[in-house]
Amino acid sequence: MSIQFDVAIVGGGLVGLATACALSHYDLKIAIIDKNIHLHESLPKHKIGVRASALNGASQRYFAQIGVWDALCLSGRVQEFTEIDVWEKNGQAHLSAQAKDYSYQNLGYIIENHVMSHYLYHYALASNNITIYSQEVIDSVFDDNSAFLTLADQVTLPAKLIIGADGANSWIRQHENISVLERNYIHHALITTVETEYPHHACAKQIFYPNGIVAFLPLYHPNKSCLVWSTKPDNAANLALLSETDFSHQLFQLTGDKVGHCQLINPRMIFPLKARFAKQFVKHRLVLVGDAAHTIHPLAGQGVNLGFQDSALLVSTIKKLIDENQDIGLVSNLKSFQFTRRKDTMVMLAAMQTIQDMFNGDNLFKKALRTVGMNTIDYCSPLKKQLIKYAMKI
């Protein structure tokens, strides 16, 4: 006899796991389905992950609300960043900020993705009302009162609500024929981790140049950072094939004495960058969150934060519906969630596109505009503070 779940989450990545863990605080039966979820079980103590994310204040508070933040901090793998430094190569545009100038403890946190996934997974594993299925979903059916997921082993899971958190190429989104507005960015992202000659001093750095953007996200080791190099697809492919020596030389040509010479400590991975925006975040008994609903350029490090904001609002919406004895799967009961998250995502998509367009190429007029714009923000402390507060969600 199959278990009747209240919520079944397709996708056990960061956003899917966080959503399950947050919902576990309530009297709900929750399922997580992800064929690769077992990969989060172990955490090598001395192996630095290839990918890391910048968490803003809202995401940190959400992790604290869930109950995993203290464990993350005790791992020793959480790195505060207290300063940002952004500049244009061969230009005059520059922007910097320090947390202490605004009486903030920090400007955010950098954590490896596999570290966050590990602690969320074990929190879910220990929760009495979460069942984890290391399976693939092969079919979904929706009727008036329930949704039904069929797994690869032919087990069927009924649920009142399905949450699609299965990434940018979401199976559940495609299976339910939810169309997506897409726009290819002119960049692919090359991501790896490097050991820098000079310590990062808890400073996140970003360099704009005509063909792309290079960002260093400081990790818990004083000389190690996650490198995100966004550049044109052919250049990204060429960079991935260079010898480690030639790659480090190319990187040094862009960064100079800001970080010193870099040594690769992880393989280079290439990710095509594409803006995506699902036309519906909500259907009958189905909600999309995280990359299943939207993807943006990583230049401001806000992609994962958008996903956690989806998760947090969805959890609070579900709690409210439960308290009011309302059906959590009806579209009419989820419209406010959809409206708020679509609006916030559209603003972020537009902002990222504007910034990328402004810094693309070496047009003299655009170069003058970005110099005036960035330097004006840099010298106008109240404006800079407002932008920082918006990014940090404080």
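Predicted, not measured: the structure shown is a model, and the values here were computed from it. Reckoned from all heavy atoms, side chains included, excluding hydrogens, waters and symmetry mates.
No donor-acceptor contact under 3.5 angstrom links the side chains of Q338 and Q280, judged on distance only. The closest side-chain donor-acceptor pair between D166 and S170 falls under 3.5 angstrom. Residues S53 and N113 have side chains that bring a donor and an acceptor to within less than 3.5 angstrom of each other. Side-chain polar atoms of D234 and H188 form no donor-acceptor pair below 3.5 angstrom. D144 and H284 share no side-chain donor-acceptor pair at under 3.5 Å. Donor-acceptor pairing under 3.5 Å is lacking for the side chains of S96 and D85. Inspection of the S146 and D143 side chains reveals no N or O donor paired with an N or O acceptor under 3.5 Å. One side chain, E176 or S140, offers a donor N or O that lies under 3.5 Å from an acceptor on the other. A donor and an acceptor atom, one from each side chain of N266 and T193, are located under 3.5 Å apart.
Here the side chain of S248 pairs no donor or acceptor atom with the backbone of T245 at under 3.5 angstrom. At distances below 3.5 Å, at least one donor-acceptor pair connects side-chain atoms of T231 with backbone N or O atoms of N211. A donor-acceptor pair is defined here as one N or O able to donate and one able to accept, closer than 3.5 Å; no such pair exists between the side chain of S225 and the backbone of L227. Looking at S134, its side chain never comes within 3.5 Å of a backbone N or O of H38 through a donor-acceptor pair. A donor-acceptor contact shorter than 3.5 Å is absent between the side chain of T295 and the backbone of D291. Between the side chain of E197 and the backbone N or O of G260 there is no donor-acceptor pair closer than 3.5 Å. At least one donor-acceptor pair under 3.5 Å links the side chain of H200 to the backbone N or O of A202. N184 places no side-chain N or O within donor-acceptor distance of the main-chain N or O of K274, the cut-off being under 3.5 Å. Although no hydrogens or angles enter the test, the distance criterion places a donor-acceptor pair under 3.5 Å between the side chain of Y123 and the main chain of I66. Remark: the backbone N or O of E83 is not paired with any side-chain donor or acceptor of H201 at under 3.5 angstrom.
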Problem set entry | Pair N129-S24, side chain to side chain donor-acceptor pair (under 3.5 Å): steps then yes or no | CA-CA 6 Å; N129 55 343; S24 72; 4.6 Å; no
Problem set entry | Working for ring pair (Phe, Tyr, Trp, His ring centres under 6.0 Å), residues H118 and H114 | CA-CA 6 Å; H118 173 79; H114 74 151; 8.5 Å; no
Problem set entry | salt bridge (charged side-chain N to carboxylate O under 4.0 Å, His left out) evaluation trace for E112 with R77 | CA-CA 8 Å; E112 300 149 88; R77 307 281 282 261; 2.9 Å; yes
For this session: Output, in order, the C-alpha distance, side-chain angles, deciding distance and verdict of ring pair (Phe, Tyr, Trp, His ring centres under 6.0 Å) for W69 and Y119.
Result: CA-CA 9 Å; W69 184 251; Y119 282 94; over 10 Å; no
Exercise. What's the verdict on salt bridge (charged side-chain N to carboxylate O under 4.0 Å, His left out) for K320 and D323, showing C-alpha distance, side-chain angles and the deciding distance?
Worked result: CA-CA 5 Å; K320 182 174 183 290; D323 289 344; over 6 Å; no
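Residue D246 holds its CG atom at 12.0 Å from CG of N238, rounded to the nearest 0.5 Å. How far CD1 of I9 is from CD1 of I30: 6.5 Å, rounded to the nearest 0.5 Å. Taken to the nearest 0.5 Å, the CG atom of L149 stands 3.5 Å off from the CD1 atom of I162. Annotation: the span from I186 atom CD1 to K232 atom NZ amounts to 6.0 Å, rounded to 0.5 Å. S230 OG to I213 CD1: the interatomic distance, rounded to the nearest 0.5 Å, is 5.0 Å. Note that the CZ atom of F142 and the CG atom of L161 stand 8.5 Å from one another [nearest 0.5 Å].
Relative to the six-membered ring of F148, R285 misses at least one condition, a distance below 6.0 Å or an angle of at most 45° to the axis. In this structure, K258 satisfies the cation-pi test against W87, with its NZ or CZ atom closer than 6.0 Å to the six-membered ring centre and inside 45 degrees of the ring normal.
Using cut-offs of 30° and 60° for the angle between ring planes, the H297 and Y185 rings count as perpendicular.
Between L306 and R341, the closest side-chain pair of non-hydrogen atoms falls below 4.5 Å. Side chains of K89 and T255 form no contact here, defined as non-hydrogen atoms less than 4.5 Å apart. Proximity of R342 to F277: side-chain heavy atoms (C-beta onward) are separated by under 4.5 Å at one or more points. Using a 4.5 Å cut-off on side-chain heavy atoms (C-beta onward), Y220 and I48 make contact. In this structure, the side chains of L242 and R268 come closer than 4.5 Å at one or more pairs of heavy atoms. F252 is not listed as a side-chain neighbour of F247, based on a closest heavy-atom distance of 4.5 Å or more. Counting heavy atoms from C-beta outward, P298 and L273 have side chains that approach closer than 4.5 Å. Two residues are said to be in side-chain contact when any heavy atoms from C-beta on lie closer than 4.5 Å; F281 and V289 fail this criterion.
Taking each heavy atom of H40 and S117 in turn, the nearest pair found is ND1-CB, 3.4 Å. The heavy-atom pair separating V259 from K205 by the smallest distance is CG1-CD, 3.8 Å. Residues C226 and I191 come closest through the heavy atom pair SG-CG2, 4.1 Å. Minimum heavy-atom separation, I172 to G164: CG2-CA, 3.7 Å.
Atom NE2 of H249 has 12 or fewer neighbouring heavy atoms from other residues, nucleotides or ligands inside a 6.0 Å radius.
Linking ILVMFWY residues whenever their side-chain heavy atoms come closer than 4.5 Å, directly or via other members, leaves I138 and L286 in distinct clusters. Both F308 and M346 belong to a common hydrophobic cluster when Ile, Leu, Val, Met, Phe, Trp and Tyr are linked at side-chain heavy-atom distances under 4.5 angstrom. Residue V315 is grouped with residue L321 when hydrophobic side chains (ILVMFWY) are merged at heavy-atom distances under 4.5 angstrom, including chains of intermediate members. Cluster annotation: L330 is not connected to L313 through the hydrophobic network of ILVMFWY side chains, with a link wherever side-chain heavy atoms come within less than 4.5 Å. Linking Ile, Leu, Val, Met, Phe, Trp and Tyr whenever their side-chain heavy atoms come within less than 4.5 Å puts I111 and L43 in one cluster.
Salt-bridge formation is not detected for the pair K29/D6: no Lys NZ or Arg NE/NH1/NH2 atom is positioned less than 4.0 Å from an Asp or Glu carboxylate oxygen.
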